[in-house]
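Below is one structure, written out as structure tokens; the observations come after it.
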Number of protein chains: 2
Amino acid sequence: MQATAFSPHDHTHCISSAITHAKGLCAERDVRLTPVRQRVLELIWQSHKPIGAYELLASLAKEGFNSAPPTVYRALDFLSEQGLLHKLESINAYVGCCNPDTPHQGHFLLCQVCHQAQELDSQYITLALKVSADQHGFEMHHHTIEVVGTCQECLNKANMSEAT
Amino acid sequence: MQATAFSPHDHTHCISSAITHAKGLCAERDVRLTPVRQRVLELIWQSHKPIGAYELLASLAKEGFNSAPPTVYRALDFLSEQGLLHKLESINAYVGCCNPDTPHQGHFLLCQVCHQAQELDSQYITLALKVSADQHGFEMHHHTIEVVGTCQECLNKANMSEAT
DNA sequence: GTATGTTATGTTATATTATAACAATCGTCA
DNA sequence: TGACGATTGTTATAATATAACATAACATAC
């Protein structure tokens with residue numbers, strides 16, 4: 001589990017390592033990380049916040065890529081199938097997946113102030129969901145867990161400015 | 001907690017009791033459950049499945065209500081503020097809230113086969129989310145928990161037809 | 001009971017998010 | 001090379017949601 005989204009960190013490193021990782025995975029799986037797919041993944045990782053499809057599309061357009069909606073949605077579909085990103089349903093935005101090796105659905109903390117997203121992978125949450133589903137005889141396929149609130153960094157900033 | 005959505009039950013009773021309940025709550029809170037708001041709530045409860053805004057709008061139109069999108073979205077906003085319904089973010093659809101007295105966010109089981117939704121209120125899920133949030137110093141405001149899979153009824157049906 | 005402010009609704013237009021459908025191109029490999 | 005599947009291009013449209021401003025209904029102080 002990576003837990004750095006809300007903290008200062010070398011994000012350039014995040015991007016390049018995510019891309020390297022993605023290239024490796026796609027090679028292994030014998031699927032094609034084409035230029036537009038790779039660029040979309042880079043743009044997603046470059047953004048410090050979850051990014052919407054049409055914002056991606058605008059960036060692609062500036063860079064001379066084809067810029068009709070299907071282009072970006074196809075890339076998002078591909079990346080999603082490969083587990084390289086997650087869609088945040090409550091805000092219709094996309095984030096890179098921190099751990100694309102093992103299939104999973106993310107659990108997310110979304111900060112209302114800085115709009116950054118932190119992916120979690122809590123065993124407890126997964127277990128609690130499984131227990132609830134089992135109690136109802138429900139067979140769980142996938143899930144969406146999005147917690148909206150204020151991250152530690154933004155809470156600190158708020159406290160600082162209050163103290164003055 | 002109510003756990004009947006996936007099981008056969010007297011749904012007419014669900015609808016009327018939900019409306020009676022809503023009327024009481026709105027009276028207590030001194031807010032107005034106007035005709036269009038009440039009708040939207042009824043339509044939501046009448047539907048056995050989560051229902052979309054434009055489907056509601058079509059029903060309202062047939063009944064002679066004003067039928068421009070703001071009408072239904074305003075009603076949905078009101079009902080949501082009063083805790084009388086939940087929005088299922090992953091499918092852009094709305095369901096009546098089983099327990100509008102106490103403010104909460106629902107946890108939902110969504111069946112891929114019959115498309116019904118079951119609201120849960122699991123203490124374990126809530127606790128697991130709180131623990132995860134606390135670990136990250138994250139102040140939780142609200143959340144979206146949607147589990148997609150197959151409900152017991154539909155699993156049974158599938159097994160039955162397999163057995164033949 | 002009427003002026004006034006507030007809440008709710010009507011109306012038009014448009015923003016935002018996403019997909020359908022079909023044509024053209026690219027890659028691969030027999 | 002030619003045939004096939006995968007990918008991309010292109011046009012159009014579907015589906016979901018909100019902005020902005022006008023009008024009407026309701027509440028209440030005077």
Side-chain angles (χ1 to χ4, degrees), chain A residues 22-23 26-27 29-41 43-44 47 49-82 84-95 110 115 144 146, chain B residues 22-23 26-27 29-41 43-44 47 49-82 84-95 110 115 144 146:
Chain A
K23 281 181 180 166
C26 289
R29 294 171 185 170
D30 204 23
V31 294
R32 292 165 56 203
L33 189 64
T34 59
V36 70
R37 290 168 174 175
Q38 178 173 333
R39 191 65 192 124
V40 166
L41 188 58
L43 287 168
I44 287 172
S47 169
K49 308 175 301 190
I51 186 171
Y54 278 71
E55 203 180 332
L56 289 166
L57 204 51
S59 295
L60 290 178
K62 277 185 201 156
E63 298 174 11
F65 283 91
N66 177 37
S67 62
T71 300
V72 76
Y73 283 104
R74 284 164 179 163
L76 291 171
D77 283 348
F78 170 85
L79 296 168
S80 179
E81 275 164 19
Q82 298 303 321
L84 294 165
L85 59 75
H86 294 288
K87 178 178 180 184
L88 300 177
E89 298 285 353
S90 64
I91 55 174
N92 296 316
Y94 304 82
V95 286
L110 313 184
H115 297 110
T144 296
E146 295 168 23
Chain B
K23 281 181 181 169
C26 288
R29 293 172 186 170
D30 204 23
V31 295
R32 293 164 56 202
L33 190 64
T34 59
V36 69
R37 289 168 175 176
Q38 179 174 332
R39 191 67 193 122
V40 166
L41 189 57
L43 288 168
I44 287 172
S47 169
K49 306 175 302 189
I51 186 171
Y54 278 72
E55 202 179 333
L56 289 166
L57 204 50
S59 295
L60 289 178
K62 278 186 201 155
E63 298 175 11
F65 284 90
N66 178 36
S67 63
T71 299
V72 75
Y73 283 105
R74 283 163 181 165
L76 291 171
D77 282 349
F78 171 85
L79 295 168
S80 179
E81 275 164 19
Q82 298 303 322
L84 294 165
L85 60 75
H86 295 288
K87 178 177 183 187
L88 299 177
E89 298 285 354
S90 64
I91 55 174
N92 296 315
Y94 303 83
V95 287
L110 313 184
H115 297 110
T144 296
E146 296 168 24

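Below, chains carry the letters A, B, ... as their sequence lines are ordered, and counting in each starts from 1. The structure presented is a predicted model; accordingly, all values stated were derived computationally and were not measured.
The shortest side-chain heavy-atom distance between A:Leu43 and A:Leu60 falls under the 4.5 Å cut-off. Contact annotation: the side chain of A:Gln82 never approaches that of A:Leu33 to less than 4.5 Å [non-hydrogen atoms, C-beta and beyond]. You'll find the side chain of A:Tyr94 stays beyond 4.5 Å of the side chain of A:Leu88, heavy atoms only.
Pairs of residues two or more places apart, or lying in two chains, never qualify as salt bridge (Lys or Arg N to Asp or Glu O under 4.0 Å) while including a residue from residues 66-79 of chain B.
Distance, A:Leu57 CG to C:dA15 P: 16 Å, rounded to whole Å. When rounded to the nearest whole Å, the span between CD1 of B:Ile91 and C1' of D:dA15 equals 14 Å. Atom pair A:Asp30:CG and D:dT7:C1' shows a separation of 15 Å (rounding to whole Å applied). As rounded to whole Å, 17 Å separates atom P of D:dA14 from atom CD of B:Glu55. Rounded to whole Å, the distance from CG on B:Leu76 to C1' on D:dA15 is 15 Å. The CG-C1' distance, from B:Asn66 to D:dT23, rounds to 12 Å in whole Å. Atom CZ in A:Arg29 sits about 18 Å away from atom P in D:dA6, given to the nearest Å.
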For nucleotides 17-21 of chain D, print each protein N/O atom paired with a nucleotide N/O atom at under 3.5 Å, atom names and distance only.
| residue | atom | partner | partner atom | Å |
| --- | --- | --- | --- | --- |
| D:dA17 | OP1 | B:Lys87 | NZ | 2.4 |
| D:dA17 | OP1 | B:Asn92 | OD1 | 3.4 |
| D:dA17 | OP2 | B:Tyr73 | OH | 3.1 |
| D:dA17 | OP2 | B:Tyr94 | OH | 3.2 |
| D:dA17 | O5' | B:Tyr73 | OH | 3.4 |
| D:dA17 | N7 | B:Tyr54 | OH | 2.5 |
| D:dA17 | N6 | B:Tyr54 | OH | 3.3 |
| D:dA20 | N6 | B:Arg74 | NH2 | 3.3 |

Solution key, residues 61-71 of chain B side-chain donor-acceptor pairs under 3.5 Å, sequence neighbours excluded:
| residue | atom | partner | partner atom | Å |
| --- | --- | --- | --- | --- |
| B:Glu63 | OE1 | B:Arg39 | NE | 2.6 |
| B:Glu63 | OE2 | B:Arg39 | NE | 3.3 |
| B:Glu63 | OE2 | B:Arg39 | NH2 | 2.9 |
| B:Asn66 | ND2 | B:Thr71 | OG1 | 2.7 |
| B:Thr71 | OG1 | B:Ala68 | O | 3.3 |

Do any side-chain atoms of residues 49-59 of chain A form donor-acceptor pairs under 3.5 angstrom with protein atoms, and if so which ones, sequence neighbours left out?
| residue | atom | partner | partner atom | Å |
| --- | --- | --- | --- | --- |
| A:Ser59 | OG | A:Glu55 | O | 3.4 |

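In terms of the side-chain contact (heavy atoms from CB on, under 4.5 Å) criterion, residue partners of B:Ser80 (sequence neighbours excluded) are, by chain and number, B:Leu85.
Only B:Arg32, B:Thr34, B:Val36, B:Arg37, listed by number, bring a heavy atom of residues 31-40 of chain B to less than 4.0 angstrom from any atom of DNA chain C.
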**side-chain hydrogen bond (donor to acceptor under 3.5 Å, both in side chains) assessment of A:Thr144 paired with A:Glu89** = CA-CA 7 Å; A:Thr144 296; A:Glu89 298 285 353; 4.9 Å; no
